[in-house]
Undergrad: 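Okay, handing you the structure first.
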Amino acid sequence: MVEGRAVAVAGVAPTSGLDDGPALLDELLELAEQARLRGDYRTGAAHARRAVAIARSAAGAADLARALHCLANQLLRLGEHEASIAASRDALVQFERTGDDRGTCLELTALGMAFSELGLFDEALEGLAEAREIALRVGERSLLYWVHNRIGVVHSCMGEHEQADVHLVHALELGDERDIEAGFCILNNLADNATGLVPALRAAGREADAQAALAAALDRAAQGLRLARAADHPYRMAICLDNLGMLLGHAGRYPEAFGAIDEALDLATRHGYRGLQYSAWRHRASVHRLRGEFAEAIRGLTQVLRRAEETGQTPDAMTAHEQLCEAYEQTGDHRLALHHYRRYHLLERQARSDVAAVRARLMTHHFELDNARLEAENARLETELHRVRSRELEEDKQALQRQARQLDRYAHEDHLTGLPNRRWIELRLPELIAMADGDREEPDLWLAIIDVDRFKGVNDRYGHPLGDEVLRRMAGLLRDGLPGELPGAMVARLGGEEFLLALAGVDARQAAEACEALRARVAAFDWGRLAAGLHVTASFGLAGHRRDDDHGALLGRADAQLYRAKRNGRNRVEAA
């Protein structure tokens, strides 16, 4: 980022008339941290916003990075996840400018949590993998603790509870007993993951493993609660009590379970922690189900659903529908069970579209930051070039020019597959949309989102190195299989196992035929050459550009068609 330019962060505006000395900046950041430690995140965010405004106008990159990092942490806990991501990304630019590897690593871990809360798990794990590489290079144990802690939380959010437990236990081993906050965090995360791990182990018939996990989790939840009470931190007490209550329910200790959950609900209500309120209501209903009190469970879940619908909390509404479906099925009321099953899947489709829209919005901000990075780097290179005053420095000049070209290429190329990457998509897709003929009755620009079917199973069975090779081969099959008669066809990697195909200047029939040809090419490839028994297919979601479409809407429809292809059996093309 060049001097004098700042990428806007949601909720942060330049402030005039401030005593903008470094002493005031330090004081505001200290006040913000004190507010965070007592769970008063709104006050903390207000102090952090003021600190950011001062840092933008008067401080250097290092102080601005500190202020933005503080703001991102407060916004994350307030549930303002997109704003938190914007602040974290801006902070990353500042940390990179100052060469602060430690700050960069911590910011990437914070980003991972915000991405995970929005359901952007690929982005979360990609950033956390980068953070892990930095932590290993720096060799700092506390950084590795936070990275593995956050990786575990992301896997837990994905429902991969055993894998989450591996990372969280490793983080526990890396933790420093003197760091009270870190100690509470890992104990609570282990307890939270166990609320999903224990029933999953029981469902798999592994009762002994489930009992061992439950006993360990109850002990950790009790330790975490002692730390939270000692710190007199209402948010930590509420979240820990909520997890403890659910674990006590799994242990059959129902009166204690209800007592813990009710105390958590009281704290959440008094302090305005809306997310914890929903969690406590759901857990209370879950304990009723465990106890066989289905009527009570249904009443509680119905209240959760009503509140979630009134406040527009789609994830909470989805969870309520899912659990109501199971509760009605257990009571034998299959008509209502089917009703909630259908409502859950309707909201699931809506949530996928919402995630696509969030991803598109975040792409725009990321593109602005990438431009700022490139401008800063180009400014640095220009300064170096101006110092070249003699023939003896001509080779250095040429090397700097090559470096600038490499930076441009690396900024738009996926390192694993060699395809254009998401940054390239952010740049190119709006251009393609702008060139699309909006006056035509039929679209002449088509996008397909391509997903490798059951890719997680490939990684689980054959390992991640073989999974990476599958992605490289998939990229080659898609790139080399583009029809020669369609010069406007382009393929890029969206992230994870997803690819994007853009077809410009074609009609619906040509777009569908091109996708079908690529699908067949992937299915016909001899995957067994890579590993015995390996067979890989891909699903395609195809959507045509509509008048006044932006790239978020177009990607969202393509993603909806991909979901349809998955639902209808995979290894197929679905188009809209």
Side-chain angles (χ1 to χ4, degrees), residues 120-133 136 151 158 160 163 359 363 370 405-429 447-484 486 489-503 514-542 555 558-559 562 565-566 570-573:
L120 301 172
F121 300 123
D122 286 341
E123 289 86 344
L125 291 176
E126 182 180 351
L128 287 166
E130 184 180 348
R132 183 174 180 274
E133 291 178 5
L136 288 170
I151 291 174
M158 295 169 69
E160 298 171 347
Q163 192 167 357
R359 182 175 279 122
M363 278 182 181
D370 283 339
R405 289 194 296 271
Q406 282 184 322
L407 284 169
D408 186 68
R409 179 169 65 85
Y410 291 154
H412 300 94
E413 181 179 287
D414 176 57
H415 72 280
L416 177 64
T417 64
L419 292 177
N421 63 10
R422 183 178 290 125
R423 295 187 183 94
W424 178 89
I425 295 170
E426 295 167 0
L427 176 69
R428 186 68 178 132
L429 188 51
L447 290 187
I449 297 180
I450 306 162
D451 186 86
V452 182
D453 293 329
R454 296 186 172 91
F455 182 71
K456 182 179 181 296
V458 174
N459 279 334
D460 290 345
R461 181 177 178 185
Y462 298 100
H464 288 275
L466 192 280
D468 287 346
E469 182 58 25
V470 166
L471 293 177
R472 281 190 287 268
R473 294 298 178 99
M474 180 68 66
L477 289 168
L478 296 173
R479 179 185 56 231
D480 299 340
L482 292 175
L486 300 180
M490 292 167 285
V491 64
R493 186 183 180 198
L494 266 177
E497 65 267 30
E498 285 191 345
F499 299 82
L500 180 74
L501 173 65
L503 299 164
C515 288
E516 178 58 29
L518 289 173
R519 183 206 63 76
R521 178 181 173 88
V522 171
F525 182 75
D526 183 10
W527 294 99
R529 290 186 299 171
L530 303 185
L534 175 65
H535 182 64
V536 177
T537 60
S539 298
F540 290 63
L542 179 64
L555 282 168
D559 196 62
L562 175 62
K566 293 286 189 182
R570 300 182 173 84
N571 189 23
R572 60 190 294 118
V573 178

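Position 1 is the first residue of the sequence; numbering continues from there.
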Undergrad: Indicate yes or no: at least one non-hydrogen side-chain atom of Ile450 is less than 4.5 angstrom from one of Val522.
TA: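 Ile450 vs Val522: side chains apart.
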Undergrad: Report the residues that fulfil ring pair (Phe, Tyr, Trp, His ring centres under 6.0 Å) with Phe525, sequence neighbours left out, ordered by chain and then residue number.
TA: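 Listed in chain order: Trp527.
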Undergrad: Using a 4.5 Å cut-off on heavy atoms from C-beta on, say whether the side chain of Leu530 contacts that of Val536.
TA: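 The answer is no, as the side chains (C-beta and beyond) never meet within the 4.5 Å cut-off.
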Undergrad: Quick one: CG on Asp453 to OG1 on Thr537, what's the gap to the nearest 0.5 Å?
TA: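 Between atom CG of Asp453 and atom OG1 of Thr537 there are 3.5 Å.
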Undergrad: Report yes if some heavy atom in the side chain of Val491 is under 4.5 Å from a heavy atom in the side chain of Leu500; otherwise report no.
TA: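 A side-chain contact is absent here, since even the closest heavy-atom pair is not under 4.5 Å.
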Undergrad: Between Arg422 (side chain) and Leu494 (backbone), is there a donor-acceptor pair under 3.5 Å?
TA: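 Yes; judged by distance alone, with no hydrogens or angles, the pair exists.
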Undergrad: Tell me, please, which residues at least two apart from Arg572 pass salt bridge (Lys or Arg N to Asp or Glu O under 4.0 Å).
TA: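 For Arg572, the residues satisfying salt bridge (Lys or Arg N to Asp or Glu O under 4.0 Å) (neighbours in sequence not counted) are Glu574.
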Undergrad: Rounded to the nearest 0.5 Å, how far does CZ of Arg473 lie from CG of Leu466?
TA: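 These two atoms lie 10.0 Å from each other.
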Undergrad: Looking at every non-hydrogen atom in both residues, tell me the closest pair between Tyr462 and Gly533 and how far apart they are.
TA: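 Closest approach of Tyr462 to Gly533: OH-C, 3.3 Å.
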Undergrad: Minimum heavy-atom separation for Asp559 and Glu498, please, with both atom names.
TA: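 Smallest interatomic distance, heavy atoms only, reads OD1-OE2, 4.3 Å.
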Undergrad: Grab the two heavy atoms, one from Leu477 and one from Leu518, that are nearest each other, plus how far apart they are.
TA: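 It is O-CD2, 4.0 Å.
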Undergrad: Do the side chains of Arg472 and Glu469 get close enough for a salt bridge, i.e. N-O under 4.0 angstrom?
TA: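 Yes.
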Undergrad: Write down the atom of Gly467, the atom of Val458, and the distance for their closest heavy-atom approach.
TA: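 Heavy atoms only, the tightest pair is CA-CG1, 4.3 Å.
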Undergrad: Arg479: which residues meet the salt bridge (Lys or Arg N to Asp or Glu O under 4.0 Å) condition with it, sequence neighbours left out?
TA: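 In terms of salt bridge (Lys or Arg N to Asp or Glu O under 4.0 Å), with neighbours along the sequence ignored, Arg479 is linked to no residue.
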Undergrad: Rounded at 0.5 Å granularity, tell me how far NE2 in His415 sits from CG in Asn421.
TA: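 Taking NE2 in His415 and CG in Asn421, the distance rounds to 10.5 Å.
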Undergrad: Considering residues at least two apart in sequence or located in another chain, which fulfil the salt bridge (Lys or Arg N to Asp or Glu O under 4.0 Å) criterion with Asp460?
TA: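 Counting only residues at least two positions away or on another chain, Asp460 forms a salt bridge (Lys or Arg N to Asp or Glu O under 4.0 Å) with Lys456.
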Undergrad: Report the residues that fulfil salt bridge (Lys or Arg N to Asp or Glu O under 4.0 Å) with Arg521, sequence neighbours left out, ordered by chain and then residue number.
TA: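 Counting only residues at least two positions away or on another chain, Arg521 forms no salt bridge (Lys or Arg N to Asp or Glu O under 4.0 Å).
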Undergrad: Could you tell me which non-hydrogen atom of Ser539 sits nearest to which non-hydrogen atom of Asn571, and how far apart they are?
TA: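 What the structure gives for the nearest pair is OG-N, 3.1 Å.
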Undergrad: Hey, are the side chains of Arg493 and Leu416 touching, using non-hydrogen atoms and a 4.5 Å cut-off?
TA: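 In contact.
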Undergrad: Are Asn459 and His464 close enough that some pair of their side-chain heavy atoms sits under 4.5 Å apart?
TA: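 Side-chain contact under 4.5 Å: yes.
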Undergrad: Would a 4.5 Å heavy-atom cut-off, applied to side chains only, mark Trp424 and Met490 as touching?
TA: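 Yes, side chains in contact.
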Undergrad: Could you tell me which non-hydrogen atom of Leu471 sits nearest to which non-hydrogen atom of Gly496, and how far apart they are?
TA: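 Heavy atoms only, the tightest pair is CD1-O, 3.8 Å.
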Undergrad: Within the structure provided, determine whether Arg423 and Leu427 are in side-chain contact (heavy-atom separation under 4.5 Å).
TA: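 Not in contact.
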Undergrad: Who are the side chain to side chain donor-acceptor pair (under 3.5 Å) partners of Glu516, not counting sequence neighbours?
TA: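 Counting only residues at least two positions away or on another chain, Glu516 forms a side chain to side chain donor-acceptor pair (under 3.5 Å) with Arg519.
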